[in-house]
Amino acid sequence: MDVSYILDELNKPQREAVSAPPAPVLVLAGAGSGKTRVLVHRIAWLIEVEHVAPFSILSVTFTNKAAHEMRGRIEDLLGTPVGGMWVGTFHGLAHRLLRRHWQEAKLPQHFQILDSDDQLRLVKRAQRSLDLDDKLWPPRQAQWFINARKDEGVRPQYMQENGDINYLQMIRIYTAYEDLCKQSGVVDFGELLLRSLELIRDNPELQKHYQQRFRHILVDEFQDTNELQYAWLQLLSGASSPVFAVGDDDQSIYGWRGAKIENIQNFTRDYSSAITVKLEQNYRSTSNILDAANALIANNAGRLGKNLWTDDPDGELIKLYAAYNEIDEASYIAGQIHKWVEQGGKRDEIAILYRSNAQSRVFESQFIEQGIPYRVYGGQRFFERAEIKDALAYLRITANRDDDPSFERVVNQPTRGIGEKTVSVIRDYATQHSLSMWQASKEVVANGHLTARAGNAVNGFIELINEMADGIYELALHDQVRHVIASSKLKEHFLKKEGDEKGNNRVENLKELISASQAFEYKPEDEHANLDILTAFLSHAALEAGEGQGDPNEDSVQMMSMHSAKGLEFPQVFITGMEEGLFPHKNALEEAGRMEEERRLCYVAITRARQVLTLSYAEQRQLYGNTMYGIVPSKFIHEIPGSLIDEVRSQQVPTWNTFGSKRQNQSSYQSSNETGFSIGQRISHATFGEGVILDTEGAGSSARVQVNFDYEGSKWLVLAYANLSAI
DNA sequence: ATATAGAATCTTTTT
DNA sequence: GATTCTATAT
């Protein structure tokens, strides 16, 4: 069999890694050096040359996106589906283990997964049961504490008091929270990993089984593994199955959630026979972009040492745009997008990156105004929307009556006369008798602890859920979802409560949930073994929160946080908000090591760009409701050699008078009120039609007017693009 | 019990 | 700014 296609198109170090003997291998792969490629080809090599059965291969990634891409590329390369191979995220694979062995893991068969939102609610409830004041011990902090301990593999019963009252309270909350999870049959993200680790560790037969099964384990983004994940890998690989780890210490950006760069160093210590390969040739970016990235990251101490180089030409200089404010920043970028498209570029070749998701809003409104299609990744996700979570909670409670978080979510949604007081009676009863709220509410009604009215209402709810469960029995999944949405009366509730615009939006999303369930593929032969389709779908919803909306087929600009950009590449990249305090983020100043992580994040962002890279910052910015003045450009800008930077000037550079109070305007629109239009004036717009000016604001390139259009309602428009004409 | 208004609070990144 | 909690009125 001719296997040359596996090695032919690789460079020397890539080949070395792909064809390495079956020993532990550590691949230090710089950005754009063909990391995924090496992983994919390695798997092809194992299957075709080493004759390893796909069944015996375990391949772990961090994001669902990466996992899907991995499987797709392997199948493309081999030209055949590779069923039986385990490819997925740490959490996804841990989940699979727990579903298979729910009994040994001491979980109910229909355990449900908590997302961080659900988790926070449950932490709050744990705190309330301990009579701890939310003000003194913020639930978020407790949640963070719990997750950090789980990532370290520490259970509360093994934690020692150290005299610190704060620490003691945290332990108490952690304990109470675990009890609640157990009672409700729910499992959080950290628990998936920890529980599956304990499952394998404490069941020698299972351990033997899986260690024999997985002859080869491959890990992507190894620098982002935390202690628990590393232990998980070691446990599954045992003594005999070599781990093939690919990572880049310069791209470690998840230290804040427990990722340990040290795992890379430890790897060669723990596996003394490990082969290390460095991939240093970059195939992605122009020389200028790469030089900038190298210069920047050189400011970090304690790197493993890698030097990325490329054969590619210099390319364009890196553009730097100093915007007057965040609106000007967005409108400049919108202008650049127009230019790119006019020159024949596609919009989806452009990425806009920012430090925090909140920054996307300004771009969104600007792009809507200018008719630029865009797609936002991250932020509020589909399965995290309130209406979707409501519907899912109904579904969950039909699958597992004891799911307290779901119970609390929907007992009175839509309102059915079960108020806070009734709920707290049930909650207290549940806590006292170690029951789930479902069981407690039945007993409370039977014991007559409630007024007749409240008792009736609770009974009504119990009957509703039971009827729902009966009604969806043996229906197709999408009919189950449809049925539950209908009999819960959620649609009617939202329409009545939130009016047409918002309510309709929620109704649309609920319809989309039905479509999503219809499109859900059920593969009983592997991951959801012995799992009914509803539980499988609910797990899927929790583990893959789904992207925000937006038509994936439309050619649209891609907007995302720098974190979620990792692993992706784009011909043109805008890195926005390059301002001290925003990026590097102000929280990074306090803790040691955080600044270097911010710098690595910047390195990741820069190396996403293939041809054109633009950095931008604003001199003033409205953030969290108030305007920040006197913004200092990010130190990272200064860490890039000036010779690589081309400072782009706004056509109308805002200049300040001595008092810094008012901007002069050099635009052609200049007139008495700085915009050329007066309030009350009638104007016409190409797409929105005719309207009346309501207000004006700003000047120059960021001058805006508010127009009340006859048919479209009122909108803010940037004059530089809106092209309004007076009537 | 519920709807509403006003106050308080929190704003980094994600499976 | 937006969400989430709290106090008050219905």
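A, B, ... follow the sequence lines: proteins, then strands. Residue 1 opens every chain. Being a predicted model, the structure only gives us computed values, none of them experimental.
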Fill in: Note, Glu579(A) side chain near Ser634(A) side chain (heavy atom, < 4.5 Å)
no
Practice prompt. Would you tell me if any nitrogen or oxygen in the side chain of Ser561(A) comes within less than 4.0 Å of OP1 or OP2 on dT14(B)?
Written response: yes
Worksheet item: Reckon Thr63(A) has a side-chain N or O less than 4.0 Å from the OP1 or OP2 of dT14(B)?
Response: no
Discussion item. Rounded to whole Å, how long is the line connecting atom CG of Leu114(A) with atom C1' of dT15(B)?
Written reply: 13 Å
Worksheet item: How are the rings of Phe520(A) and His540(A) set relative to one another: parallel (under 30°), tilted (30 to 60°) or perpendicular (over 60°)?
Response: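 Aromatic pair Phe520(A)/His540(A) classed tilted.
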Fill in: Rounded distance in Å - CH2 (Trp144(A)) to C1' (dT13(B))
14 Å
Item to complete: Could you tell me from which nucleotide to which nucleotide of DNA chain C, 5' to 3', there is an atom under 4.0 Å from chain A heavy atoms?
Response: dG1(C) to dT6(C)
Worksheet item: Where along residues 246-261 of chain A does a heavy atom come under 4.0 Å from DNA chain B, residue by residue in number order?
Response: Tyr254(A), Trp256(A), Arg257(A)
Worksheet item: So, are Arg149(A) and Glu152(A) salt-bridged, with charged N and O less than 4.0 Å apart?
Response: yes
Fill in: Inter-nucleotide C1' distance (dT4(C), dT13(B)), Å rounded
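Between the two C1' atoms, the distance is 22 Å.
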Worksheet item: Does a side-chain heavy-atom distance below 4.5 Å link Tyr394(A) with Ile465(A)?
Response: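 Side-chain contact under 4.5 Å: yes.
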Discussion item. With no hydrogens and no angle check, just 3.5 Å: does a side-chain donor-acceptor pair link Glu364(A) and Gln366(A)?
Written reply: no
Worksheet item: How would you label the contact of Asp115(A) with the nucleic acid (heavy atoms, under 4.0 Å): base, sugar-phosphate, or nothing?
Response: nothing
Worksheet item: Any sub-3.5 Å donor-acceptor pair from Ser561(A)'s side-chain atoms to Tyr354(A)'s backbone N or O?
Response: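 No, Ser561(A) side chain to Tyr354(A) backbone: no donor-acceptor pair under 3.5 Å.
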Worksheet item: Tell me: CE of Met559(A) to C1' of dT13(B), nearest whole Å?
Response: 16 Å
Fill in: Passing option when Lys150(A) is tested against Glu198(A), Glu191(A), Glu227(A) for salt bridge (Lys or Arg N to Asp or Glu O under 4.0 Å)
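That would be Glu191(A).
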Worksheet item: Checking ring-ring contact (aromatic ring centres under 6.0 Å, His included) for the pair Phe90(A)/Trp232(A): CA distance, chi angles, key distance, verdict?
Response: CA-CA 9 Å; Phe90(A) 278 103; Trp232(A) 194 86; 5.7 Å; yes
Worksheet entry | Of the listed nucleotides dT15(B), dT2(B), dT13(B), the one nearest the side chain of Arg381(A) |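 Of all the options, the side chain of Arg381(A) is nearest to dT15(B).
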Item to complete: For Leu120(A) and dT14(B), give me the distance from atom CG to atom P, rounded to whole Å.
Response: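 Going from Leu120(A) (CG) to dT14(B) (P), I get 17 Å.
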Worksheet item: Just wondering, do Asn412(A) and Thr422(A) contact through their side chains at under 4.5 Å, heavy atoms?
Response: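 No; the side chains remain at least 4.5 Å from each other.
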Worksheet item: Expressed in angstrom and rounded to an integer, what is the separation of Tyr354(A) atom OH from dT13(B) atom P?
Response: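 Atom-to-atom, Tyr354(A) to dT13(B), this comes out as 10 Å.
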Discussion item. Need one value for Arg121(A): base, sugar-phosphate or nothing, where a base atom within 4.0 Å counts as base even if backbone is also close, heavy atoms only.
Written reply: nothing
Worksheet item: Sequence neighbours excluded, which residues qualify as salt bridge (Lys or Arg N to Asp or Glu O under 4.0 Å) partners of Lys389(A)?
Response: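 Asp115(A), Asp118(A).
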Worksheet item: Are the aromatic rings of Tyr617(A) and Phe636(A) close, with centres under 6.0 Å apart?
Response: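 Between Tyr617(A) and Phe636(A), the centre distance exceeds or equals 6.0 Å.
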Worksheet entry | Separation of dT15(B) P from Trp232(A) CH2 (nearest whole Å) | 17 Å
Worksheet item: Base, sugar-phosphate alone, or nothing: which one does Ile418(A) contact when heavy atoms must sit under 4.0 Å apart?
Response: sugar-phosphate
Worksheet, complete the sentence: On DNA chain B, more 5' by nearest nucleotide between Gly417(A) and Asn64(A) is Gly417(A)
When you compare the protein's N or O atoms with those of nucleotides 7-11 of chain B, which come within less than 3.5 Å of each other, and at what distance?
none

Fill in: For Tyr429(A), ring pair (Phe, Tyr, Trp, His ring centres under 6.0 Å) partners two or more places apart
His433(A), His449(A)
Item to complete: Find out whether Phe367(A) and Ile352(A) are in side-chain contact, i.e. whether some heavy atom of one side chain is under 4.5 Å from a heavy atom of the other.
Response: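 In short, these two side chains touch, coming nearer than 4.5 Å.
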Worksheet item: Can you check the Asp118(A) CG to dT15(B) C1' distance for me, whole Å?
Response: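 To the nearest whole Å, that distance equals 14 Å.
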Practice prompt. Specify the residue among Asn357(A) and Glu420(A) whose closest nucleotide of DNA chain B lies further upstream toward the 5′ end.
Written response: Glu420(A)
Worksheet entry | Members of residues 122-131 of chain A that approach DNA chain B, where some heavy atom sits under 4.0 Å away |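 Within residues 122-131 of chain A, no residue comes under 4.0 Å of DNA chain B.
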Worksheet item: Do Arg99(A) and Phe111(A) meet the cation-pi criteria used here (NZ or CZ under 6.0 Å from the six-membered ring centre, within 45° of the axis)?
Response: yes
Worksheet item: Do Ser116(A) and Gln119(A) have a side chain donor and acceptor closer than 3.5 Å?
Response: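 Judged by distance alone, the side chains do not pair up.
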Worksheet item: CD of Glu544(A) versus P of dT15(B): gap in Å, rounded?
Response: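 Between P of dT15(B) and CD of Glu544(A): 10 Å.
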